[in-house]
Amino acid sequence: MLSRSRQEGDCVFKNLKADIDAVMERDPAARSRAEVFFLYSGFKAVRSHRKANWCLRHNLKFLARWISQRSRHKTGIEIHPGATIGKGLFIDHGMGVVIGETTVIGDNCTIYQNVTLGGTGKETGKRHPTLGNNVLVGSGAKVLGPFKVGDNARIAAGAVVLSEVPPNATAVGVPARVVKVNGVRSETLDQIHVSDPVALALCNLEHKIFELQKQLDELKKENVKSEE
């Protein structure tokens, strides 16, 4: 029993350190660890969630929900006690973030304000998404349904994701479409300047139409000359 308590204590400390490290690494505005610990709403929400999740796992359901709702009122971030969150989650600004009960979030993920990790209202059991490791979810994005967002994936700001996103890919648009990003992890936190597959397709079509029009004009000129 003592050994188990010690292991849980070590895990809590490691998660706490990883969560602070995540903010220091990814937020250029973070000036000190003390500032992050006492003043960052995203960090406070994650810390409160870990307490609520522990209570839920130990059958203290009312207390778990109370901690969750209290954190929601204080931070503007709603995380259901049943959600599973890995180490190093960074919720930047965070106001309006909603994370559902059966959501699973891997290690070292980044979530911006007004993000929803929710369900569609039709499922039972696993209703919410699973994020792999190193996933970035941009401002205002909605990820809805019990599917997987692969490791190192990026979801652009304002995207509405309704189906699975492969690893090392970017999802853009409403509804979101998937774009591969060189098959490697992206180190950038840019949520906006990502390739839009629809725009790329339209550009390709426009170029083909231009080439076909050019060929048609040449054929018309040749016909005119042959008639003369």
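A quick note: this is a predicted structure, and the numbers were derived from the prediction, not measured.
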[Y] backbone acceptor or donor facing [X] side chain under 3.5 Å:
X	Y	value
Asn133	Asp107	yes
Arg57	Ala52	no
His58	Trp54	yes
Thr75	Ile77	yes
Arg127	Gly125	yes

Indicate yes or no: at least one non-hydrogen side-chain atom of [X] is less than 4.5 angstrom from one of [Y].
X	Y	result
Thr103	Pro129	yes
Ile209	Glu206	no
Val161	Lys142	no
Ile79	Ser71	no
Glu101	His128	yes

| task | Work out which heavy atom in Ala153 is nearest to a heavy atom in Pro166; give both atom names and the distance. | result |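 In terms of heavy atoms, the two residues are closest at CB-O, 3.9 Å.
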| said: Minimum heavy-atom separation for Leu162 and Pro175, please, with both atom names. | reply: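 In terms of heavy atoms, the two residues are closest at CD1-CB, 4.2 Å.
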Acceptor/donor pairs from residues 81-100 side chains to any protein atom, 3.5 angstrom cut, sequence neighbours excluded:
none

| Could you walk me through whether Asn15 and Val46 pass the side-chain contact (heavy atoms from CB on, under 4.5 Å) check? | CA-CA 10 Å; Asn15 283 333; Val46 173; over 6 Å; no
| said: Apply side chain to side chain donor-acceptor pair (under 3.5 Å) to residues Asn168 and Asn152 and explain how you reach the verdict. | reply: CA-CA 5 Å; Asn168 308 308; Asn152 311 315; 3.0 Å; yes
When rounded to the nearest 0.5 angstrom, what distance separates [atom1] in [X] from [atom2] in [Y]?
X	Y	atom1	atom2	value
Ser48	Asn53	OG	CG	12.5 Å
Arg47	Asp19	CZ	CG	10.0 Å
His73	Glu78	NE2	CD	9.0 Å
Lys221	Asp217	NZ	CG	6.5 Å
Asn108	Leu131	CG	CG	12.5 Å
Arg26	Cys109	CZ	SG	8.0 Å

| task | Report, as yes or no, whether the 6.0 Å neighbourhood of atom CZ on Arg33 holds more than 12 heavy atoms from other residues, nucleotides or ligands. | result |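 Yes, CZ of Arg33 has more than 12 neighbouring heavy atoms, counting only those of other groups under 6.0 Å.
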| query | Do other residues, nucleotides or ligands put more than 12 heavy atoms under 6.0 Å from Glu211 CD? | reply |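 Enclosed: over 12 neighbouring heavy atoms sit under 6.0 Å from CD of Glu211.
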| request: Take Val137 and Tyr112 through the side-chain contact (heavy atoms from CB on, under 4.5 Å) test and state the conclusion after the steps. | output: CA-CA 6 Å; Val137 186; Tyr112 287 85; over 6 Å; no
Are [X] and [Y] connected, step by step, through hydrophobic side chains (Ile, Leu, Val, Met, Phe, Trp, Tyr) whose heavy atoms are closer than 4.5 Å?
X	Y	result
Met24	Tyr40	yes
Phe43	Phe38	yes
Val174	Leu144	yes
Leu16	Val23	yes

Report all side-chain donor-acceptor pairs from residues 59-67 shorter than 3.5 Å, counting only partners two or more places apart or in another chain.
| residue | atom | partner | partner atom | Å |
| --- | --- | --- | --- | --- |
| Arg65 | NH1 | His80 | NE2 | 3.2 |

| field | Candidate list Ile111, Val149, Thr110, Val143, test side-chain contact (heavy atoms from CB on, under 4.5 Å), partner Val135, passing option | value |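 With Val135 as partner, Ile111, Val149, Thr110, Val143 yield a single side-chain contact (heavy atoms from CB on, under 4.5 Å), made by Val149.
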| Is Asp21 salt-bridged to Lys17, going by a charged N under 4.0 Å from an acidic O? |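 Between Lys17 and Asp21 there is a salt bridge, with a charged N closer than 4.0 Å to a carboxylate O.
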| request: Tell me, please, which residues at least two apart from Thr130 pass side chain to side chain contact (heavy atoms under 4.5 Å, CB included). | output: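 Thr130 satisfies side chain to side chain contact (heavy atoms under 4.5 Å, CB included) with Val104, Lys126, Lys148 only.
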